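The structure appears below as structure tokens.
Counting from 1, the numbers follow the sequence of the chain as shown. As the structure is a computational prediction, the values presented were derived from the model and not from experiment. Every heavy atom of this structure was used, including side-chain atoms; hydrogens, water molecules and symmetry mates were not.
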Amino acid sequence: MAQFFKYFFAALLALFVFSVLAFFVLIGIAGAVASKEAVQLEAHSVLYLDLGKALKEQTKEDPFALLEGEEPYSQPGVYDMVQLLKHAANNDQVDGLYLKAGSNANGFATNAEIRKAIAEFKEAGKFVIAYGEVIPQQAFYVASAAEKLYCHPKGGLEWTGLGMEYVFFKKALDRLDIEPQIFYAGKFKSATEPFREEKMTEPNKIQSRELLEGIYGHMLETIGDRRKLEVARLRNLADSNLVRTASDAEKLGLLDGMRYEDEVKEEIRRKTGAASIDKIKFVSLAKYAEAVSALAGKGTDRITVIYAEGNIVDGEGDEGQIGGKKFMNYIRKARLDAKTKAIVIRINSGGGSAMASENMWREIELAKKDKPVIVSFGDVAASGGYYMACGADSIFAQPNTITGSIGVFSIVPNMQGFFSDKLGVTFDGVKTGPYANSPSVTEPLSPLQKKFFQEGVDSIYQTFLSRVAEGRKMPVAAVDSIGQGRIWTGTQALKLGLVDRMGGMEDALAAAAKLAKLDGYRIRQFPERVNWLERLTGNISKDVSAKSIRKTIGEDWHRVYEQWQSLQEGIGTVQARLPFELIFH
């Protein structure tokens with residue numbers, strides 16, 4: 001009994017300490033929110049945008065930012081960021097934009113939307129000055145839209161071409177005596193390659209090389225047009241490694257000059273008439289959002305925008321995932337809402353559960369019978385992300401969107417050898433029939449069970465093909481020829497008939513308004529915005545854990561970690577998912 005009370009009071013004390021800490025965290029954030037001053041925009045303000053800040057599709061509030069001294073705690077999403085730049089282009093109080101290009105945290109399609117908005121902001125007569133100490137290639141792609149692009153004299157511009165790599169686990173699994181029993185449909189469906197191969201297969205090399213060339217080609221054309229340099233010249237500079245210093249980049253026409261940051265700010269001071277560089281009225285885009293009502297819209301009619309970002313999972317899903325059940329409900333609510341005249345779905349997902357994708361496809365089919373359904377693809381809309389969208393009235397993508405990957409797979413690991421030979425753990429039991437506990441990770445599948453799994457994968461692949469064929473009005477055989485799990489750029493997808501038009505969220509909304517015959521509209525968003533208190537109390541432990549892991553292992557490996565987690569969640573189920581992980585350099 002004494003031992004019981006010892007553990008009971010220890011647990012009670014731990015609960016008490018956690019509750020006290022959580023209370024003070026809540027008080028701290030509440031105080032920080034209460035003390036926030038209203039943002040007042042002044043004449044000759046200069047917007048500030050750091051490309052190193054990752055943008056989500058939907059505007060999010062981060063209550064922890066207040067505790068860490070970061071302001072503001074609401075980070076605009078991609079579409080909102082574009083609209084803020086468009087609003088600022090016509091705001092007499094804003095003189096220009098200072099673009100920090102020392103890093104880049106966003107994907108190719110996101111960068112394309114932001115770059116286009118920056119170019120339009122400049123065309124409205126505002127100055128745009130970009131600066132970085134060391135400018136990576138994707139940041140250079142965005143910053144090339146600026147009026148002036150400067151680099152630190154002792155820094156540099158990375159210009160070496162694009163690379164892409166996969167992580168392979170087969171040798172590690174062999175050493176651990178774990179057999180990944182794999183079933184897939186589509187010769188290009190490389191999502192399972194990291195577990196069955198030690199290097200890329202030839203089909204995967206073909207699709208990856210063509211994908212990379214498509215993205216790289218778009219980058220070269222866009223930069224070349226702005227810098228007045230031929231594509232062949234830009235490619236040769238990268239292939240010959242001729243850009244090694246900031247001086248090289250300036251001499252070769254990639255930069256407008258070498259400057260220290262104080263010199264760049266002095267140029268901005270002169271343009272704005274500020275008394276000194278510390279008197280320049282810099283305003284972040286997030287702060288600008290607090291100062292203006294750029295996104296209110298007009299009228300009583302609605303366009304409902306549904307942001308589908310992350311891995312597709314069964315059930316409700318967590319924040320950052322596309323929970324099939326939850327998103328079905330979002331689509332259904334929009335369909336049944338009399339004020340909603342059109343639906344726009346923004347997808348940024350490499351896929352996931354085939355069942356959840358099928359269910360969301362079904363809801364879109366029902367919705368488009370009542371009102372227009374337009375889909376906008378972000379950085380990635382592939383496999384399950386394409387499955388759910390293929391029946392929409394119209395699909396928009398960016399030239400460098402990654403899409404396609406029409407294929408499915410399933411993995412059932414056999415860990416009997418690992419448990420028995422490595423850990424000394426064995427399993428035994430009884431069952432009422434030969435398939436009562438199938439599949440089990442503690443024993444191998446029988447030949448007949450493997451046959452059943454492969455037949456199930458093949459059946460779902462055929463359903464996937466038929467959904468695409470119906471939605472895109474193509475023969476099944478034609479879809480199969482461009483399917484097989486192969487990934488495409490947005491430009492390639494347009495030529496193949498997988499998407500309808502090039503463009504971003506703004507274009508998708510314009511198309512939705514046109515189809516619904518709307519002169520004005522307001523936007524309703526799903527997932528619905530939650531206030532900072534709900535977000536904090538609901539996700540405090542997850543947010544702290546995710547930030548800690550991300551900071552420890554870095555962005556690239558954190559993405560691999562997330563993919564590994566999502567794969568574990570999908571064990572034994574059929575997945576419509578992109579290749580395990582694409583890491584671009």
Side-chain angles (χ1 to χ4, degrees), residues 109 185-189 207 214 303 306 308 312 327-328 331 334-335 341-347 349 351 354-378 380-399 401-408 458-505 507-517 576 578:
K187 65 181 180 181
F188 291 98
K189 197 61 184 174
Q207 72 162 343
I303 292 179
I306 301 172
I312 297 173
F327 277 78
M328 285 171 62
I331 300 166
R335 171 168 61 91
K341 306 304 180 183
I343 302 170
V344 172
I345 303 175
R346 173 71 168 192
I347 299 176
S349 172
M355 178 59 75
S357 302
E358 162 76 9
N359 289 338
M360 288 185 288
W361 167 87
R362 171 63 179 171
E363 283 299 326
I364 290 174
E365 286 295 299
L366 294 174
K368 74 176 188 179
K369 293 177 181 178
D370 294 337
K371 54 197 69 175
V373 179
I374 309 297
V375 169
S376 170
F377 286 169
V380 180
S383 210
Y386 187 79
Y387 192 142
M388 64 181 286
C390 65
D393 291 305
S394 190
I395 300 175
F396 287 78
Q398 293 289 354
T401 292
I402 298 172
T403 188
S405 193
I406 300 168
V408 296
D458 291 339
S459 175
I460 293 173
Y461 177 58
Q462 290 302 316
T463 300
F464 195 167
L465 292 178
S466 68
R467 301 299 186 226
V468 177
E470 179 185 350
R472 304 307 302 169
K473 296 179 174 53
M474 300 167 63
V476 171
V479 177
D480 188 32
S481 69
I482 58 176
Q484 296 289 324
R486 184 161 183 168
I487 49 180
W488 306 96
T489 66
T491 300
Q492 292 169 325
L494 180 63
K495 294 176 181 176
L496 295 169
L498 294 176
V499 304
D500 296 290
R501 304 180 208 173
M502 292 291 98
M505 267 290 289
D507 303 293
L509 280 163
K514 184 177 180 179
L515 287 174
K517 298 180 174 59
L578 255 186

Pair I312-M360, side-chain contact (heavy atoms from CB on, under 4.5 Å): steps then yes or no: CA-CA 10 Å; I312 297 173; M360 288 185 288; 3.7 Å; yes

Which atom names give the shortest non-hydrogen contact between V375 and A389, and what distance separates them? CG1-CB, 3.8 Å

Going from CE on M502 to CG on L494, what distance comes out if it is rounded to the nearest 0.5 angstrom? 4.5 Å

With sequence neighbours left out, write down each residue that passes salt bridge (charged side-chain N to carboxylate O under 4.0 Å, His left out) with K368, or none if nothing qualifies. E365

Would you indicate whether the side-chain heavy atoms of I306 and I331 approach each other to under 4.5 Å? yes

Give, for atom CD1 of I487 and atom CD1 of I402, the distance between the pair rounded to the nearest 0.5 Å. 6.0 Å

Of all heavy-atom pairs linking K341 and A516, the shortest is O-CB, 3.6 Å

Would the distance check show the side chain of Y386 and the main-chain N or O of L498 forming a donor-acceptor pair, the cut-off being under 3.5 Å? yes

For M355, is the CE atom crowded, meaning more than 12 foreign heavy atoms sit under 6.0 Å from it? no

Side-chain donor or acceptor of D507 paired with backbone N/O of G504 under 3.5 Å: yes

Heavy atoms, side chains only, cut-off 4.5 Å: are I374 and I345 in contact? no

Closer than 4.0 angstrom, basic N to acidic O: yes or no for K371 and D393? no

Tell me, please, which residues at least two apart from R486 pass salt bridge (charged side-chain N to carboxylate O under 4.0 Å, His left out). E210

Pairwise distance CD1(I347) to OH(Y387) - rounded to 0.5 angstrom: 13.5 Å

Who are the salt bridge (charged side-chain N to carboxylate O under 4.0 Å, His left out) partners of E363, not counting sequence neighbours? R332, R335

Has the side chain of T489 got a donor or acceptor atom that lies under 3.5 Å from a matching backbone atom of G214? no

Nearest 0.5 Å, please: how far is CZ in F396 from OG1 in T401? 12.5 Å

Candidate pair I343 and I303, rule side-chain contact (heavy atoms from CB on, under 4.5 Å), full reasoning: CA-CA 6 Å; I343 302 170; I303 292 179; over 6 Å; no

So, for Y461 and G483, which heavy atoms are closest and what is the spacing to 0.1 Å? OH-C, 4.1 Å

What is the minimum heavy-atom distance between I482 and W488, and which atoms define it? O-NE1, 3.0 Å

CD1 on I406 to SG on C390, rounded to 0.5 Å: 8.0 Å

Between OG of S394 and CG of L515, what distance do you get to the nearest 0.5 Å? 7.5 Å

Quick check on R472: does its CZ atom have over 12 non-hydrogen neighbours (other residues, nucleotides or ligands) under 6.0 Å away? yes

Testing the basics here: between S357 and G384, what is the closest heavy-atom pair and its distance to 0.1 Å? OG-CA, 3.4 Å

Please give me the minimum heavy-atom distance between G407 and F464, naming the atom from each residue. N-CE1, 3.7 Å

